[in-house]
Amino acid sequence: IFVSSFLSGFLGLMMAIPFSAIFYDKIAEHKEPTTFIMFTEIPTFIGRMLIWIIAIILANNIKSTFIIAGIATFLFIFLKFGVKEHKKKH
């Protein structure tokens, strides 16, 4: 358990650093970086809050929690690819 926890923390950090660098490079391109950060962080906070509320409500029924997580994953994948193709058309 200790090794998997250590690897998870280490690999999570190794993944977060490049994404943070890309994020802050995009912020540097904008004229008003504070508004860019606000418009990216507020939906993230709201999403985390909703996930915690749903998890607390469904704490007694773990099976439905996994089903909802699977549906949300598929929606995320489909919406992600839909946005990419929409950007390519314009």
- List, by chain and then residue number, the residues other than I17 in its hydrophobic cluster (Ile/Leu/Val/Met/Phe/Trp/Tyr, side-chain heavy atoms under 4.5 Å); write none if there are no others. L13

- Message: Between T73 (side chain only) and A69 (backbone N and O only), is there a donor and an acceptor less than 3.5 Å apart?
- Response: yes

- Query: How far does CZ of F6 sit from CG of L11, to the nearest 0.5 angstrom?
  - Reply: 9.0 Å

- Item | Residues in ring pair (Phe, Tyr, Trp, His ring centres under 6.0 Å) contact with F23, at least two apart in sequence or another chain | F36

- Note on the structure: To the nearest 0.5 Å, atom CD1 of I54 lies from atom CE of M49 at 10.5 Å

- Message: Evaluate F19 against M15 for side chain to side chain contact (heavy atoms under 4.5 Å, CB included), listing each step before the verdict.
- Response: CA-CA 7 Å; F19 284 118; M15 186 179 74; 3.6 Å; yes

- Message: I'd like to know if I51 and L75 are part of one continuous hydrophobic network [Ile/Leu/Val/Met/Phe/Trp/Tyr, side-chain heavy atoms within less than 4.5 Å].
- Response: no

- Does atom CG of N61 have more than 12 heavy-atom neighbours from other groups under 6.0 Å away? yes

- Message: Suppose clustering is done on Ile, Leu, Val, Met, Phe, Trp and Tyr with side-chain heavy atoms closer than 4.5 Å. Which residues sit in the same group as I62?
- Response: F66

